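Have a look at the structure below, then the notes.
Please read all numbers here as calculations on a predicted model, not as lab measurements.
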Amino acid sequence: MSDRSARWSRATVYPDMWADPDDDPRDNEGPGPDGELATLRDYLTNYRMTLRMKCEGLDPEQLARRSVPPSTMSLLGLVRHLAEVERDWRNWIGDGDPLPKLYGERDADFDGAVAEQAEVDAAYADLAREQEATDAALAEHPDLGERLGKDGIAVRELLVHRIEEYARHCGHADLLRECVDGRVGQ
């Protein structure tokens, strides 16, 4: 007997996928969005949705379960980390004083990810609020070549970096979810 979870997927048509294509909320019928800005926003939306899908159906203990020592990474930690990162991106585009950290210094976003429903609810609320605030701040700058903030970061660069951050952490979420309950997929 092993304490390792058996691999599984909810998909039935394609058992190696997370969800069957007809049930995947990220897949759209028809052509993709027109234009670079719409395409970047679409990719960001889909990666955000992927992260939520990877956390779906888990209880607080499962969400807070650490990967492998000495790592402090967990699915709940990823949600908290991405809320922190969304907040920090507004520091990149603003000229004022930096916004304070949500969870504290260094790895507090991961270290404080404890198996309590209140922490889970707060993390999802933080993430939604910070995503909305960063989206709103960037919506004021539709020119992808515009340079913002003290360092003159281009809007395009910031959007691509946001996509990269979510994509990288969705890869982590794949592995974390498989460790929790064996679920795998796209």
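Within the 3.5 Å criterion, the main-chain N or O of Leu99 finds a donor-acceptor partner in the side chain of Asn91. Although no hydrogens or angles enter the test, the distance criterion places a donor-acceptor pair under 3.5 Å between the side chain of Arg87 and the main chain of Pro100. The backbone N or O of Ile153 lies less than 3.5 Å from no partner atom in the side chain of Asp151, so there is not a single donor-acceptor pair.
Between Lys150 and Asp95, no side-chain nitrogen of the basic residue sits less than 4.0 Å from a carboxylate oxygen of the acidic one, so the salt-bridge criterion is not met.
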Evaluate side-chain hydrogen bond (donor to acceptor under 3.5 Å, both in side chains) for Glu164 paired with His169, printing each intermediate quantity in order.
CA-CA 9 Å; Glu164 178 272 334; His169 290 313; over 6 Å; no
Pair Asp34, Thr39 - check side chain to side chain contact (heavy atoms under 4.5 Å, CB included), show working.
CA-CA 7 Å; Asp34 289 329; Thr39 300; over 6 Å; no
Could you please spell out the steps behind the side chain to side chain contact (heavy atoms under 4.5 Å, CB included) verdict for Leu144 and Leu159?
CA-CA 9 Å; Leu144 294 173; Leu159 286 169; 3.6 Å; yes
Please evaluate residues Tyr166 and Asn46 with respect to the criterion side-chain hydrogen bond (donor to acceptor under 3.5 Å, both in side chains), reporting the C-alpha separation (whole Å), side-chain torsions for both, the decisive distance (0.1 Å), and the verdict.
CA-CA 9 Å; Tyr166 277 90; Asn46 284 330; over 6 Å; no
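A heavy-atom distance below 4.5 Å is not found between the side chains of Ser74 and Arg65. You'll find the side chain of Leu37 reaches within 4.5 Å of the side chain of Arg41, heavy atoms only. Side-chain contact check for Leu158 versus Leu148: every heavy-atom pair is 4.5 Å or farther apart. The shortest side-chain heavy-atom distance between Glu36 and Arg156 falls under the 4.5 Å cut-off.
Here the CZ atom belonging to Arg129 is positioned 15.5 Å from the OH atom belonging to Tyr124, to the nearest 0.5 angstrom. Summarising the geometry, atom CG belonging to Leu78 is positioned 13.0 Å from atom CZ belonging to Arg177; distances are rounded to the nearest 0.5 Å. Atom CD1 of Ile163 and atom OH of Tyr47 lie 8.5 Å apart (nearest 0.5 Å). Note that the NE2 atom of His172 and the NZ atom of Lys54 stand 13.5 Å from one another [nearest 0.5 Å]. Rounding to the nearest 0.5 angstrom, the gap separating the NE2 atom in His81 from the CG atom in Leu127 is 11.0 Å. Summarising the geometry, atom CG belonging to Leu63 is positioned 5.0 Å from atom CG belonging to Leu58; distances are rounded to the nearest 0.5 Å.
If you check the side chains of Asp111 and Tyr103, you find no donor sitting under 3.5 Å from an acceptor.
A cation-pi arrangement, defined by a distance under 6.0 Å to the six-membered ring centre and an angle within 45 degrees of its axis, is absent between Arg80 and Phe110.
Follow the hydrophobic side-chain contacts under 4.5 Å out from Val120 and you never reach Leu102; the two are in separate clusters. Residues Ile93 and Val160 fall within the same hydrophobic cluster, defined by Ile, Leu, Val, Met, Phe, Trp and Tyr side chains chained together at heavy-atom separations under 4.5 Å.
Residue Ser67 comes nearest to Leu176 through the heavy atom pair CB-CD2, 3.3 Å, listed as atom of the first residue, atom of the second, then distance. Of all heavy-atom pairs spanning Asp59 and Glu61, the tightest one is OD1-N, 3.0 Å. The two residues Ala64 and Ala115 come nearest to each other via the heavy atoms CB-N, 3.6 Å. For the residue pair Leu51 and Cys170, the shortest heavy atom distance occurs at N-SG, 3.7 Å. A pairwise comparison of heavy atoms in Glu119 and Leu76 identifies O-CD1, 4.3 Å as the closest pair.
Within 6.0 Å of the CG atom in Asp143, the count of heavy atoms belonging to other residues, nucleotides or ligands exceeds 12. Heavy-atom contacts from other residues, nucleotides or ligands closer than 6.0 Å to CD of Glu132 number 12 or fewer.
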Scan the side chains in residues 133-141 for donor-acceptor partners under 3.5 Å anywhere in the protein, sequence neighbours excluded, and list what turns up.
{"residue": "Thr134", "atom": "OG1", "partner": "Glu86", "partner atom": "O", "Å": "2.8"}
{"residue": "Thr134", "atom": "OG1", "partner": "Glu86", "partner atom": "OE1", "Å": "3.4"}
{"residue": "Thr134", "atom": "OG1", "partner": "Arg90", "partner atom": "NH1", "Å": "3.1"}
{"residue": "Thr134", "atom": "OG1", "partner": "Glu130", "partner atom": "O", "Å": "3.0"}
{"residue": "Asp135", "atom": "OD1", "partner": "Arg48", "partner atom": "NH2", "Å": "3.1"}
{"residue": "Asp135", "atom": "OD1", "partner": "Arg162", "partner atom": "NH1", "Å": "3.4"}
{"residue": "Asp135", "atom": "OD1", "partner": "Arg162", "partner atom": "NH2", "Å": "2.8"}
{"residue": "Asp135", "atom": "OD2", "partner": "Arg48", "partner atom": "NH1", "Å": "2.9"}
{"residue": "His141", "atom": "ND1", "partner": "Glu146", "partner atom": "OE1", "Å": "3.2"}
{"residue": "His141", "atom": "ND1", "partner": "Glu146", "partner atom": "OE2", "Å": "3.0"}

